[in-house]
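Reckoned from all heavy atoms, side chains included, excluding hydrogens, waters and symmetry mates. Quantities reported herein were computed from a predicted structural model and do not represent experimental measurements.
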Amino acid sequence: MNEAVAAADTAWILAAFTAVSLMVPGLAMFYGGMVSVRNTLNMAMMTFGAFAVVGVLWIVFGYSAVLGNSLGGLGILGDPLEYFGSSSLLEAPAEPGLPPALVSGFQLLFAGITVALISGALADRMKFGAWMVFAGLWATFVYFPIAHWVFAFDSEDGSVIGGWIANTLGAVDFAGGTAVHINAGVAALAVVLVLGARKTFPVSPRPHSLPLTMLGAGILFFGWFGFNGGSALSAGNSASVVILNTVAASCAGICAWLVVEKLREGHATSLGAASGLIAALVAITPACGAVSPLGALVVGGAAGAVCCFAVSWKYRLGYDDALDVVGVHLVGGILGTVLIGFLADPAAPSGATGLFYGGGVDVLWRQCVAVAAVLAYSFAVTLVIVLALKKFMGIRADQESEYDGLDVSVHGETAYVLDAVGLTGASKHGTDAVLGAEAITTRAADPAKA
């Protein structure tokens, strides 16, 4: 690689880094608008808090655990001490290429956002301190190992051994369908099973600001181009194809969700449009470098339609996934990862050949094994972590705090000042007097029909 190409690639990843960094406030707004006015700041704090904790751990040992030489050559975990403290990342590469510090910063964002995604399932009821401890433990024992499996590649000279999914299994995951979305989605399921449902389940406080949710979705949409396109790690044709596939899937996802929603409930809603967008982005994340633009339409459309049905499964199965992390990220991530086995186009940057292109089931079985491995490991270890936290420090906010809302009871703040004095420190009855009785609704108009 010559210096001019290296400079162009570095500039592109710097731009992608900036775009992905906006996904942090984007996620805070997306989740914050979907909860009641009493809990919107708590949702934002869960996003920013998790990101901060994971960022600290990443600098100390996370980069090394994810992208370091695999311990024992097993492809399970990078050596946490190889780049401990990240001080060795200060030097420029000996050959023209991406600066290691930039690669580390880019992957730090992935780690922080993945953990923050889980918080949407836990809205309105988890202790903030327990969440912060959970974020650190989950990143250490779940995200870092799985990210090593998926994102760490063997070096060309064989001196560095990467993760087993990327190298030994050879599954295709361009930007994190397994390590990010399936991982966060199944972890969210494990936590809500232990945390329990909100008192009002199966009905939920209505979203207090759908414009805020749509703004958050739009910011996430922008950031996703850096998330997927930056994963090409170069400024060239691969990044260009990935960006085209990402926007194609997004459009199809919105349309599909709205059609299903209209047929099922009689309305095409703004929340449905935002949800269809995110579902499609989740599904195209692993497939963006493996499919054609027509394939991207199929992936996005399938995600929009299937996830629209999947968000109602919680009513039938009885788990309170507050903001549909399971229905969107887990289901969408599995769908996008498995569809690669059918739709992978050998002309796309990943170079894989799916079943519909004459490749047989070779790619398909590898994708299924990768999905199964992440599901099993993430669910089991997350369950151990959350059960331990429940036993030793408690994870559920007390009933009065849930009633008052976590903004006031935990953070001593309110999202909006509704009178001259404000609501900070308001009593339960005082808060109710100002806010009035909140109407309640669900994503489905009638949970019994979901």
J.: For Pro80 and Leu77, work out which heavy atoms get closest and say how close.
T.: CG-CD2, 4.4 Å
J.: With sequence neighbours excluded, give me every side-chain hydrogen bond (donor to acceptor under 3.5 Å, both in side chains) pair touching residues 108-122.
T.: none
J.: Ala19: what forms a side-chain contact (heavy atoms from CB on, under 4.5 Å) with it, not counting sequence neighbours?
T.: Phe222
J.: Could you tell me which residues satisfy side-chain contact (heavy atoms from CB on, under 4.5 Å) with Ser86, sequence neighbours excluded, listed by chain and number?
T.: Ile59, Leu89
J.: Taking all heavy atoms of Ile340 and all of Ala290, pick out the closest pair and write down the distance.
T.: CG2-CB, 4.1 Å
J.: Measure the spacing between CE of Met214 and CG of Leu212 and express it to the nearest 0.5 Å.
T.: 11.5 Å
J.: For Trp131, enumerate each residue passing the ring pair (Phe, Tyr, Trp, His ring centres under 6.0 Å) test, keeping only those at least two apart in sequence or located in another chain.
T.: Phe134
J.: Would you say that Ile113 contacts Val20 through its side chain, given a criterion of any heavy-atom pair below 4.5 Å between the two side chains?
T.: yes
J.: Not counting sequence neighbours, which residues clear side-chain contact (heavy atoms from CB on, under 4.5 Å) with Val410? List them please.
T.: Phe128, Leu406
J.: Once ring pair (Phe, Tyr, Trp, His ring centres under 6.0 Å) is applied, do any residues pair with His329, and if so which ones, sequence neighbours excluded?
T.: His181
J.: Give me each pair satisfying salt bridge (charged side-chain N to carboxylate O under 4.0 Å, His left out) with a member in residues 180-198, each pair once, sequence neighbours excluded.
T.: Asp124-Arg198, Arg198-Asp320
J.: For the residue pair Val53 and Met132, what are the closest heavy atoms and their distance?
T.: CG2-CE, 3.6 Å
J.: Please table the atom pairs, donor to acceptor, closer than 3.5 Å between any side-chain atom in residues 385-397 and protein atoms at least two apart or in another chain.
T.:
from, atom 1, to, atom 2, distance (Å)
Arg396, NE, Glu402, OE2, 2.7
Arg396, NH1, Leu195, O, 3.0
Arg396, NH1, Ala197, O, 3.2
Arg396, NH2, Ala197, O, 2.9
Arg396, NH2, Glu402, OE1, 3.2
Arg396, NH2, Glu402, OE2, 3.3

J.: Indicate yes or no: at least one non-hydrogen side-chain atom of Tyr143 is less than 4.5 angstrom from one of Ser378.
T.: no
J.: Going by the rule ring pair (Phe, Tyr, Trp, His ring centres under 6.0 Å), which residues pair with Phe17 if we only count those two or more places apart in sequence or in a different chain?
T.: none
J.: Provide the closest heavy-atom pair for Val37 versus Asp407 in the form atom of the first, atom of the second, distance.
T.: O-OD2, 3.5 Å
J.: Can you tell me which residue among Tyr83, Trp58, Phe84 is in a side chain to side chain contact (heavy atoms under 4.5 Å, CB included) with Ser64?
T.: Tyr83
J.: Under the side-chain contact (heavy atoms from CB on, under 4.5 Å) test, which residues partner Phe225, sequence neighbours left out?
T.: Phe221, Ile243, Thr246, Val247
J.: Using atom types as modelled, flag every donor-acceptor pair under 3.5 Å from a side chain in residues 161-168 to any protein atom, sequence neighbours excluded.
T.:
from, atom 1, to, atom 2, distance (Å)
Asn167, OD1, Asp154, N, 3.0
Asn167, ND2, Ala152, O, 2.9
Asn167, ND2, Gly163, O, 2.7

J.: Could you walk me through whether Glu261 and Thr269 satisfy the side-chain hydrogen bond (donor to acceptor under 3.5 Å, both in side chains) test, starting with their C-alpha distance in whole Å, then the side-chain angles of each, then the deciding distance to 0.1 Å, before giving a yes or no?
T.: CA-CA 8 Å; Glu261 190 175 47; Thr269 68; 2.7 Å; yes
J.: Once ring pair (Phe, Tyr, Trp, His ring centres under 6.0 Å) is applied, do any residues pair with Tyr377, and if so which ones, sequence neighbours excluded?
T.: Trp149
J.: Below 4.5 Å, heavy atoms only, C-beta onward: do Ser21 and Leu109 meet side chain to side chain?
T.: yes
